[in-house]
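One structure is given here, and the rest of the page talks about it.
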Amino acid sequence: MDKINEQELKIDFYKAVNGEWEKKAVIPNDHASTGGFMDLVDNIEKTLMKDFADLKAGQIKPENSEMVEFKKYYDLATDFDKKEADGVKPLLSILKRVESIKSFADLNEEFGDWTLSGLPTPIDFGVEADMKQAEMNVLYVDGGPLFLPDRSYYDKDNQQGVMLMNVFKNMSVKLLKMVGYNDAQANNIWQAAERFDRSIAPYVLTAEQKADIENIYNPMNFDDIADKSNVIDLKHAIKSLIGQVPDEAIVTEPKFLDNLDKIVNDDTFNDMKNWMLVRTVNSFSNSLNEEYRQTSGEFSRALSGRKEAQSKEKSAYNFAANVFSQVVGDYYGKKYFGEKAKQDVYNMVVKMIGVYEKRLQNNDWLSESTKEKAIIKLKALGIHVGYPDKINPLFSKFKVTTKEDGGTLFENTEKINRLIAEDNMNKWHKPVDRSLWGMSANMVNAYYSPTENQIVFPAAILQAPFYSLKQSSSENFGGIGAVMAHEISHAFDNNGSKFDEHGNLANWWTKEDHEYFGKLAENMIKEFDGIEFAGQKVNGKLTVSENIADAGGLSCAEEAAKGEDDCNLREFFINWARIWRNKSTEQIKQLLLSIDVHAPSELRATVQVKNLDDFYTTFNVTEKDKMYLKPADRVQIW
């Protein structure tokens with residue numbers, strides 16, 4: 001482990017723990033960051049790339065039919081000679097299809113198939129759990145996908161937005177010329193596309209607005225939704241996707257829908273069509289040859305500050321592993337995690353839930369009726385650890401046509417993406433399958449699903465520095481224990497607390513308790529809001545739910561650590577700071593400040609410890625030190 005700067009522990013806790021590491025850490029040219037989570041991602045990538053090279057060579061045999069198809073797909077993804085030989089040919093028929101749309105009548109006729117083919121439209125349909133009847137899947141109507149990451153980038157005084165739009169323009173014009181348009185045509189297409197894109201921006205929610213889950217839940221009669229457009233036949237569109245017109249759908253962007261006729265009409269048809277062309281050439285180019293892959297990544301590299309694209313070998317691995325995500329996750333989880341570890345970590349989660357229950361029982365600001373319902377919700381919490389018991393049945397439908405049989409990566413990807421889209425639409429008006437995971441086991445992450453009231457811990461995160469048998473129990477509680485309790489806390493953050501034990505958006509609070517909780521949440525907003533970081537300021541409202549979860553997670557994990565015979569709070573707090581070690585480009589820091597619901601890693605490590613009284617006694621922090629926070633200002637919710 002890197003040396004701890006004892007003098008700095010009372011000044012900047014994150015720097016004290018991670019400063020020496022940060023001095024030596026180098027961000028790889030194809031990365032936007034390095035450290036903590038990213039180190040684990042890199043190690044898994046290296047491990048699986050080696051395994052899949054052996055799979056290709058026949059040294060590893062596929063253990064199930066899904067892996068047989070993955071091997072075929074991986075063969076195509078890594079056949080760089082074949083990609084070069086095919087060039088742009090696979091994309092041309094797609095572009096011709098977009099070009100052939102001459103009117104809204106043409107688009108209406110094709111809308112369903114168009115959507116299933118992954119082609120862009122100004123309005124999107126998707127099927128997910130109903131937030132108020134969470135056992136059933138319903139239709140969601142979304143709109144307003146933008147070229148830039150968030151509406152805030154379109155503000156006139158946002159210089160970063162101006163710069164990024166210019167990068168997006170240069171990349172798009174370059175790609176348009178590469179597929180056959182001349183210079184004048186490419187620039188004209190871009191100007192029309194940008195004009196349409198900017199017409200959408202004023203009517204969509206910002207990242208901060210989307211962070212409040214109630215803003216995106218707007219049930220509406222479908223007849224009323226259909227009446228919002230005089231040119232797109234939304235009833236015909238949805239009937240071609242789910243077989244009938246539903247009585248109701250959930251609108252996620254109500255302001256956009258209210259202004260749909262203003263944005264999409266006969267006068268703007270040409271602009272919309274060119275917007276579709278730009279989106280199409282950008283989204284489909286990454287599965288073509290190396291020149292297209294490199295060019296289509298220019299915007300994301302500028303956005304994140306990555307100096308260069310991934311190698312073609314790494315890119316091929318990530319492309320294939322993303323398409324066959326659950327299949328790759330199943331392979332990784334079984335080989336590198338296993339049933340024994342799965343049970344051990346499951347037991348640890350159960351223990352953390354027990355600690356959480358005790359804390360709820362001893363809570364001094366909840367009424368007995370709210371407390372009782374909170375404990376009911378906690379006890380109903382579903383736990384998923386390591387990897388799913390079965391691979392999602394959808395993946396058994398993926399059948400790959402090999403090169404020998406005339407298949408290409410592009411065409412197979414199209415076919416698979418269509419299966420995914422059809423599978424999503426086929427879920428409409430059917431019960432939610434809560435056994436399915438929203439994350440693959442090889443992903444370094446974890447999540448809480450409010451509509452399922454479930455927490456999921458993929459195998460990939462269950463390793464050092466988060467968890468290891470070589471670490472002390474206090475270190476493990478400061479790592480994976482705090483992550484576990486963080487996800488449990490999401491059930492009681494400003495969004496999760498609005499859902500009951502069944503996953504339904506329903507109020508189970510007394511009025512007084514909810515008002516008091518609102519004041520505590522406001523304290524958390526104030527604690528982070530306006531902190532200077534990367535030349536900008538943290539948005540306390542955008543990050544409040546994750547900050548509440550961090551605070552609850554750290555506090556709960558500390559109590560669990562104190563219950564162990566070998567408790568060492570110094571090790572507990574230091575490992576908490578260690579898991580957040582991160583060295584990032586300025587560009588990715590600024591992007592995440594605008595759109596990410598998480599506070600910067602450095603602040604997650606440093607700010608949260610100030611809220612715990614034991615931090616002060618553990619490191620002898622007094623009012624003379626920069627890490628000191630007055631007791632009255634310490635935010636303690638769960």
Return the [atom1] to [atom2] distance between [X] and [Y], rounded to the nearest 0.5 Å.
| X | Y | atom1 | atom2 | result |
| --- | --- | --- | --- | --- |
| Lys403 | Lys72 | NZ | NZ | 15.0 Å |
| Gln326 | Trp437 | CD | CH2 | 8.5 Å |
| Trp428 | Leu139 | CH2 | CG | 8.5 Å |
| Asn442 | Leu40 | CG | CG | 12.5 Å |
| Leu176 | Met171 | CG | CE | 10.0 Å |
| Phe398 | Ile416 | CZ | CD1 | 5.5 Å |

[X] side chain to [Y] main-chain N or O, any donor-acceptor pair under 3.5 Å?
| X | Y | value |
| --- | --- | --- |
| Asn495 | Ala211 | yes |
| Lys377 | Ala491 | yes |
| Lys427 | Asp433 | no |
| Glu422 | Leu116 | no |
| Gln209 | Thr206 | yes |
| Asn274 | Ala192 | no |
| Asp261 | Asn230 | yes |
| Asp142 | Asp124 | no |
| Asn218 | Pro254 | no |

Classify the ring geometry between Phe492 and Trp508 as parallel (under 30°), tilted (30 to 60°) or perpendicular (over 60°).
perpendicular
Mind telling me whether Phe299 and Phe168 have parallel, tilted or perpendicular rings, with 30° and 60° as the class edges?
perpendicular
Near [X] [atom1], under 6.0 Å, is it more than 12 heavy atoms from other residues, nucleotides or ligands?
| X | atom1 | value |
| --- | --- | --- |
| Lys262 | NZ | no |
| Glu411 | CD | yes |
| Lys239 | NZ | no |

Note: [X]-[Y] ion pair, threshold 4.0 Å (strictly below):
| X | Y | result |
| --- | --- | --- |
| Glu99 | Lys96 | no |
| Lys56 | Asp79 | no |
| Glu63 | Lys334 | no |
| Lys342 | Asp389 | yes |
| Arg418 | Asp113 | yes |

I'd like to know if the side chain of [X] pairs up with that of [Y] as donor and acceptor (distance under 3.5 Å, no hydrogens or angles considered).
| X | Y | result |
| --- | --- | --- |
| Thr401 | Lys415 | yes |
| Asp130 | Tyr217 | yes |
| Asp51 | Tyr332 | no |

Measuring only between side-chain heavy atoms, which start at C-beta, is [X] closer than 4.5 Å to [Y]?
| X | Y | value |
| --- | --- | --- |
| Glu452 | Val432 | yes |
| Val141 | Ile250 | no |
| His502 | Glu135 | no |
| Ser240 | Trp114 | no |
| Tyr447 | Pro458 | no |
| Glu546 | His486 | yes |
| Ile44 | Thr47 | no |
| His490 | Ser449 | no |

Under 6.0 Å from the ring centre and within 45 degrees of the ring axis: does the NZ or CZ of Lys235 meet both conditions for the six-membered ring of Phe222?
no
Think Lys83 forms a cation-pi with Tyr292, using NZ or CZ under 6.0 Å from the six-ring centre and within 45 degrees of its axis?
no
Ring center gap for Tyr73 and Phe70 short of 6.0 angstrom:
no
Please tell me whether Phe324 and Tyr74 form a close aromatic pair, meaning their ring centres lie under 6.0 Å apart.
no
Summary of side chain to side chain donor-acceptor pair (under 3.5 Å) pairs that have at least one residue in residues 276-288, sequence neighbours excluded:
Ser172-Asn282
Applying salt bridge (charged side-chain N to carboxylate O under 4.0 Å, His left out), can you list everything that pairs with Asp258, at least two apart in sequence or on another chain?
Lys228
Please walk me through it: do Tyr154 and Leu146 pass side chain to side chain contact (heavy atoms under 4.5 Å, CB included)?
CA-CA 10 Å; Tyr154 291 78; Leu146 299 170; 3.4 Å; yes
Would Lys498 and Asp212 satisfy salt bridge (charged side-chain N to carboxylate O under 4.0 Å, His left out), going step by step from the backbone distance to the final call?
CA-CA 11 Å; Lys498 296 170 182 175; Asp212 183 343; 3.1 Å; yes
Side-chain donor-acceptor pairs of residues 241-248 under 3.5 Å, sequence neighbours excluded:
none

Show, in sequence, the C-alpha distance, side-chain angles and deciding distance for Asp75 and Val400, and conclude whether the side chain to side chain contact (heavy atoms under 4.5 Å, CB included) test is met.
CA-CA 10 Å; Asp75 286 343; Val400 177; over 6 Å; no
